[in-house]
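Here the structure comes first, spelled out in structure tokens, and everything after it is commentary.
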Protein chains: 2
Amino acid sequence: MTAPALTKNQSLVFDVLSRSDAPLSAYTILDKLRDHGFRAPLQVYRALDKLLERGMVHRLESLNAFVACAHQEKECCGGHGHGTVAFAICESCGHVVEFHDHAVDHRLDDWARERKFKPAKTTIEIRGLCEQCAA
Amino acid sequence: MTAPALTKNQSLVFDVLSRSDAPLSAYTILDKLRDHGFRAPLQVYRALDKLLERGMVHRLESLNAFVACAHQEKECCGGHGHGTVAFAICESCGHVVEFHDHAVDHRLDDWARERKFKPAKTTIEIRGLCEQCAA
DNA sequence: TCAATTGCGTTATGCTATAACGTGTGTCAT
DNA sequence: ATGACACACGTTATAGCATAACGCAATTGA
């Protein structure tokens with residue numbers, strides 16, 4: 001059950017996100033890929049959908065933007081696609097730190113179980129100022 | 001330092017949200033208030049901004065929608081505007097449950113303190129199926 | 001009185017995301 | 001082989017979310 005190789009468009013989008021040190025909107029990605037033949041938002045959104053499915057990319061709901069997953073394929077919690085991811089987003093420099101916290105995950109799982117709520121996807125985003133920018 | 005009374009537009013928007021049992025987008029609110037003289041999105045967004053400032057309304061980042069705060073002015077954690085709020089959102093029926101969890105808050109606070117990150121606003125949203133809809 | 005602040009209304013615009021159509025390609029059971 | 005299917009792709013158009021920029025009116029306070 002090895003995942004199929006990325007298509008050309010998926011690779012291009014993933015590369016752009018990987019090289020960026022801040023989240024990018026779909027339209028910013030589009031602009032960066034015009035030289036590679038991208039003409040329409042859908043080309044970006046379709047690639048993003050697949051990358052999100054694989055857990056190779058995350059969506060930041062509070063920014064309507066996307067980042068490459070900070071972890072490698074086989075790392076930590078089983079690699080891409082497992083566990084809840086949390087983000088600390090600096091509102092000054094735009095830098096994003098991705099992290100996992102099992103205690104938080106457990107706590108939210110417990111809350112859900114008690115209420116028989118079936119979680120599909122959990123979003124945790126802390127917006128604020130990073131150490132550099134808070135100084 | 002009592003907060004000033006709500007203006008007419010702010011009251012109208014808050015009432016619409018209070019009466020709804022699911023989150024509403026700004027444009028849906030606009031439609032519901034056309035009979036009261038609302039003509040443009042900005043009238044809604046400006047009212048929402050003030051209501052968000054007061055903590056009387058919350059924004060659901062993963063839905064681009066808004067809900068009235070589930071708690072009363074002087075309740076629990078100091079009432080509106082204190083502590084981090086979390087949401088469980090049913091993707092089937094649209095119902096939203098607002099809750100606070102101090103353990104989660106602490107854990108995220110600790111994470112931030114260790115990294116000298118200064119949180120401004122934290123978003124926690126669990127999307128899934130409520131007990132009714134999961135059956 | 002004058003300046004500053006705040007809310008309001010309007011028009012226009014920009015950003016984010018998806019619908020709906022058709023094309024080409026590969027797989028695979030028949 | 002052939003037909004059915006799944007999937008990626010490209011294009012045009014449209015829907016949905018949010019703000020910029022202008023001007024007016026009312027309020028406050030030095």
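Computed from heavy atoms alone, side chains included, the values below leave out hydrogens, waters and symmetry copies. A, B, ... follow the sequence lines: proteins, then strands. Residue 1 opens every chain.
Note: OH (Tyr45(A)) to P (dA13(D)) measures 19 Å, nearest angstrom. Atom pair Leu48(B):CG and dA18(D):P shows a separation of 9 Å (rounding to whole Å applied). One interatomic measurement links the two molecules: CZ of Arg54(B) to C1' of dT6(C), which rounds to 13 Å at whole-angstrom precision. Nucleotide dT16(C) holds its C1' atom 13 Å from the CG atom of Asp49(A), rounded to whole Å. Atom CD of Glu61(B) is separated from atom C1' of dA17(C) by 17 Å (rounded to the nearest Å). The NZ-C1' distance, from Lys50(A) to dA6(D), rounds to 10 Å in whole Å. Between Leu12(B) atom CG and dG7(C) atom P there is a gap of 15 Å when expressed in whole angstrom units. Put simply, CG on Leu52(A) is 16 Å from P on dT16(C), counting in whole angstrom units.
Glu125(A) and Thr123(B) are not linked by any side-chain donor-acceptor pair at a separation below 3.5 angstrom, with hydrogens and angles left out of the test. Looking only at atom types and distance, the side chain of His71(A) has a donor-acceptor partner in the side chain of Glu98(A) under 3.5 Å away.
One axis for each end of the helix from dT1(C)-dA30(D) to dT30(C)-dA1(D), each built from five base pairs, and the angle between them comes to 30° at 10° resolution.
Remark: Lys8(A) is not in phosphate contact with dC9(D), judged by side-chain N or O atoms under 4.0 Å from OP1 or OP2. Put simply, Asn64(B) has a side-chain N or O that comes within less than 4.0 Å of OP1 or OP2 on dA18(D). Contact between the side-chain N/O atoms of Thr7(A) and the OP1/OP2 oxygens of dC9(D) is found at a separation under 4.0 Å. Residue Arg59(B) places none of its side-chain N or O atoms closer than 4.0 Å to OP1 or OP2 of dC17(D).
The 12-atom threshold is exceeded at CZ of Arg115(A), counting heavy atoms of other residues, nucleotides or ligands nearer than 6.0 Å. Within a 6.0 Å sphere centred on NZ of Lys116(B), heavy atoms belonging to other residues, nucleotides or ligands number 12 at most. By the 6.0 Å contact criterion, NZ on Lys121(B) is enclosed, its count of non-hydrogen atoms from other residues, nucleotides or ligands being greater than 12.
Counting only distance, with no hydrogens or angles, the side chain of Glu114(B) and the backbone of Trp111(B) share no donor-acceptor pair below 3.5 Å. Distance alone, capped at 3.5 Å, is enough to place a donor-acceptor pair between the Arg127(A) side chain and the Ser62(A) backbone. Checking side-chain atoms of Ser25(B) against main-chain N and O of Thr28(B) turns up a donor-acceptor pair under 3.5 Å.
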Pull out every protein N or O sitting under 3.5 Å from an N or O of nucleotides 10-12 of chain D, one pair per line with the distance.
unit_1: dG10(D); atom_1: OP2; unit_2: Asn9(A); atom_2: ND2; d: 2.8
unit_1: dG10(D); atom_1: OP2; unit_2: Gln43(A); atom_2: NE2; d: 2.7
unit_1: dG10(D); atom_1: N7; unit_2: Arg46(A); atom_2: NH2; d: 2.2
unit_1: dG10(D); atom_1: O6; unit_2: Arg46(A); atom_2: NH1; d: 3.3
unit_1: dG10(D); atom_1: O6; unit_2: Arg46(A); atom_2: NH2; d: 3.3

**Request:** Report the C-alpha distance between Phe87(B) and His58(B) in whole Å, list the side-chain angles of each, state the deciding distance to 0.1 Å, and finish with yes or no for ring-ring contact (aromatic ring centres under 6.0 Å, His included).
**Result:** CA-CA 10 Å; Phe87(B) 302 93; His58(B) 301 294; 5.5 Å; yes

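The minimum heavy-atom distance linking Gln43(B) with Arg39(B) is given by the pair OE1-N, 2.6 Å.
With rounding to the nearest 0.5 angstrom, the CZ atom of Arg54(B) is 12.0 Å from the CG atom of Leu52(B).
A salt bridge links Asp110(B) and Arg113(B); the closest N-O separation between the charged side-chain nitrogens and carboxylate oxygens is under 4.0 Å.
Residue-to-nucleotide proximity on DNA chain C shows that, of Phe66(A) and Gln10(B), the 5′-proximal contact is made by Gln10(B).
Non-hydrogen atoms lying under 4.0 Å from DNA chain C are contributed by Ser25(A), Tyr27(A), all within residues 20-35 of chain A.
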